[in-house]
Amino acid sequence: MSTISKSVKYSQNVALASTASTLSSTEDNSINKGGLTEINDEDTTSMMLNTMDEGKPSFLVLLLTFLTSFSGFMFGYDTGYISSALVAIGDDFGTPLSYGQEQFITAATSCGALVTSITAGPFTDIVGRKPVLMFSNILFVVGAIIQCAAQTPWTMIAGRFVMGFGVGIGSLIAPLYISELAPPRYRGRMVVINCLAITGGQLIAYAIGAGLDKVHNGWRVVVGLSMIPPTVQFIAFFFLPDTPRFLISKGKYEQAASVLQKVHPNASSELIGLKINELDHILNSIPGDSVFAKIYNGVKEIHKVPSNLRALILSCGLQGIQQFCGFNALMYFSGTIFKAVGFSNATAVSIVVAGTNFVFTLVAFFIIDRVGRRLMLLISTTLMASFLVLNAIAFHFINITFQGNDAIVHGNTDVWGPVIIVAMMGFVASYAVGCGNVPWQQSEMFPQSVRGLGASYATATNWSGSLVISSTFLTMLKNITPTGTFALFAGITVVSFIFVALCYPELSNLKLEEVQLILTGGFNIRASMNLAKLRKRGLSESDHHRAVTELKKNNIEHEHIDSTSAV
Ligand SMILES: O[C@H]1[C@H](O)[C@@H](O)[C@H](O)[C@@H](O)[C@H]1O
């Protein structure tokens with residue numbers, strides 16, 4: 001059934017009649033670029049839809065953002081409590097945990113998250129965001145119950161693995177859902193709300209962990225508390241409407257219109273009709289009679305369309321940078337590191353790591369849409385590399401060697417202990433303002449037809465990196481020394497700086513279809529910076545329009561080169 005005939009079903013009103021004629025003209029005027037149908041900017045449909053996304057987020061959007069961020073909170077809490085739990089478990093499982101077991105327990109969550117982050121993306125494109133999100137709540141609770149009851153390291157590992165399934169789904173869907181709902185000018189900040197929930201969750205887990213540190217089996221209470229947020233989220237989502245996209249895919253046009261009206265309270269019914277047509281059109285833009293055929297064609301489209309491939313390189317590249325810079329080594333093992341360096345209350349000291357991460361994510365929240373994602377990443381990687389070098393130097397002088405599970409300190413901890421704390425805080429702060437949150441803006445780089453799939457690739461890269469770091473960090477400390485380990489992270493961060501400088505365009509304040517333009521015909525870094533500057537300065541629509549037209553012309557000229565080169 002055609003897009004238009006389907007949408008006529010939704011309503012008989014005049015608005016849709018005009019929608020139908022506008023849309024058919026859209027199809028006539030559109031130019032096809034490597035599989036992407038791009039609407040001419042003269043086109044009234046696209047202009048009208050653009051105005052719909054201006055303005056502040058509505059109450060429903062804010063409520064959904066808040067409730068969706070519970071997933072971020074659980075991601076943070078569940079990855080955060082492990083630092084204190086590893087110290088607090090002691091010999092509760094009969095004998096003290098070996099470094100190998102500690103790594104397995106930690107890595108199990110990343111491993112579970114990796115599995116679902118790969119599978120949940122295409123799924124969420126097909127069955128909708130809400131049911132998949134609610135399913136993750138069940139996994140969180142089941143994983144926590146297994147851990148609370150665990151009497152052996154392997155049961156604990158199993159519980160962490162199941163919990164990881166929930167973490168993977170939540171980490172994928174929350175930023176995706178929020179960036180789809182957010183108006184362009186607020187998108188950066190609203191996605192950072194989810195990052196604040198992650199880092200806040202980590203901080204709270206650290207604080208509760210430190211508080212219950214000396215309580216026998218206190219770590220089981222810490223794990224048990226993790227069941228509260230998923231239960232609340234499950235109940236709340238039960239009463240919330242499905243997304244318009246999902247309702248349209250099921251042919252429920254009336255309901256979709258009513259949800260859209262709440263998301264965009266100032267939009268006319270004509271605009272709502274246009275939006276429904278647009279979503280319907282996108283839903284049918286990936287061919288295929290069955291779910292699997294659609295997934296297959298989506299995968300083909302994401303690799304074959306040059307702008308999609310660039311989006312993949314950038315989003316996966318940034319997620320790789322976020323993990324391979326080594327931050328989570330501190331997040332997961334700061335308790336263990338500070339214990340090795342000789343702090344008697346290691347768990348309490350490691351709150352410094354989580355606290356600094358949270359506070360500087362808050363700084364990012366206030367500046368991301370003003371300073372811009374690109375500049376934040378460049379500053380972030382420069383400072384991170386410097387503090388990592390300082391860490392490497394401090395560890396050289398503190399001179400730790402390992403015998404079995406015991407770390408022996410040979411150097412002077414009075415001098416170098418505080419240097420390590422300062423270097424770690426500096427590293428964490430510079431990470432949190434850039435690398436810690438910009439990669440989660442990933443969904444903005446993909447067109448809606450393959451957004452879930454693209455977010456899956458990027459989130460899976462994140463969890464693969466997290467898995468590698470969490471399962472090798474303690475072994476690296478032993479085998480290549482702490483100095484060698486931090487020097488390696490510093491080297492990776494320098495390479496990351498170069499990658500960002502050469503490839504990552506400025507995407508702040510741009511509408512989602514402008515992001516697609518930027519990624520067509522090259523990475524268009526200079527053009528992206530000009531466009532973002534124009535938007536930020538609030539220049540007239542006509543100036544902006546001129547810049548976009550210029551960019552399109554340029555892209556069309558490059559299209560030929562593009563199709564002959566691989567990317
Ligand atoms: O953005 C988050 C945040 O920075 C967390 O602190 C970190 O543990 C996660 O791995 C990362 O994805």
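Counting starts at 1 for both ligands and their atoms, following the listed order. Side-chain atoms are counted along with the backbone in the values below, which use heavy atoms only and exclude waters and symmetry mates. In this chain, residues are counted from 1 in sequence order.
- Side-chain N/O atoms of Arg187 and Ser179 include no donor and acceptor closer than 3.5 Å.
- Below 4.0 Å from some heavy atom of Trp440 lie the following atoms of ligand 1, by number and element: 1 (O), 2 (C), 11 (C), 12 (O).
- By the criterion of a heavy-atom distance under 4.0 Å, neither the backbone nor the side chain of Trp463 is placed next to ligand 1.
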Q. After noting the C-alpha distance and the side-chain angles of Phe486 and His396, does the key distance pass the ring pair (Phe, Tyr, Trp, His ring centres under 6.0 Å) rule?
A. CA-CA 10 Å; Phe486 285 103; His396 171 74; over 10 Å; no

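- Within ligand 1, the atoms closer than 4.0 Å to a non-hydrogen atom of Phe327 are 6 (O), 7 (C), 8 (O), numbered from 1 in the order shown.
- Of all protein heavy atoms, the one lying nearest to atom 5 (C) of ligand 1 is Gln202 OE1, 3.4 Å.
- A heavy-atom separation below 4.0 Å is not found between Thr79 and ligand 1.
- Under a 4.0 Å criterion applied to the non-hydrogen atoms of Phe75, ligand 1 contributes the atoms 9 (C), 12 (O).
- The protein heavy-atom contact nearest to atom 3 (C) of ligand 1 is Tyr431 OH, 3.9 Å.
- Side-chain contact, Gln441 with Ser508: no donor N or O sits under 3.5 Å from an acceptor N or O.
- Under the 4.0 angstrom criterion for non-hydrogen atoms, Gln319 is not in contact with ligand 1.
- Of the inter-residue distances, the one linking Ile178 atom CD1 with Ile173 atom CD1 reads 11.5 Å to the nearest 0.5 angstrom.
- Expressed to the nearest 0.5 Å, how far CG of Leu467 lies from OG1 of Thr106 amounts to 11.0 Å.
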Donor-acceptor contacts, no H, no angles, side chain residues 190-199, under 3.5 Å, sequence neighbours left out:
residue: Asn194; atom: OD1; partner: Gly72; partner atom: N; Å: 3.4
residue: Thr199; atom: OG1; partner: Cys195; partner atom: O; Å: 3.1
residue: Thr199; atom: OG1; partner: Leu196; partner atom: O; Å: 3.2

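- Residue contacts with ligand 1, taken as heavy atom pairs separated by less than 4.0 Å, involve Asn462 solely via side-chain atoms from C-beta onward.
- For atom 12 (O) of ligand 1, the closest heavy atom belonging to the protein is Gln322 OE1, 2.7 Å.
- A donor-acceptor contact under 3.5 angstrom links the side chains of Arg160 and Thr109, judged on distance only.
- Just one of Phe161, Phe93, Phe104 meets the ring pair (Phe, Tyr, Trp, His ring centres under 6.0 Å) condition when paired with Trp154; it is Phe104.
- Nearest non-hydrogen protein atom to atom 1 (O) of ligand 1 is Gly436 O, 2.6 Å.
- Looking at ligand 1, you'll find an N or O of Gln323 within less than 3.5 Å of one of its N or O atoms.
- The residue among Val438, Asn328, Asn357 with a heavy atom at the shortest distance from atom 10 (O) of ligand 1 is Asn328.
- Note that the CG atom of Leu388 and the OG1 atom of Thr493 stand 5.0 Å from one another [nearest 0.5 Å].
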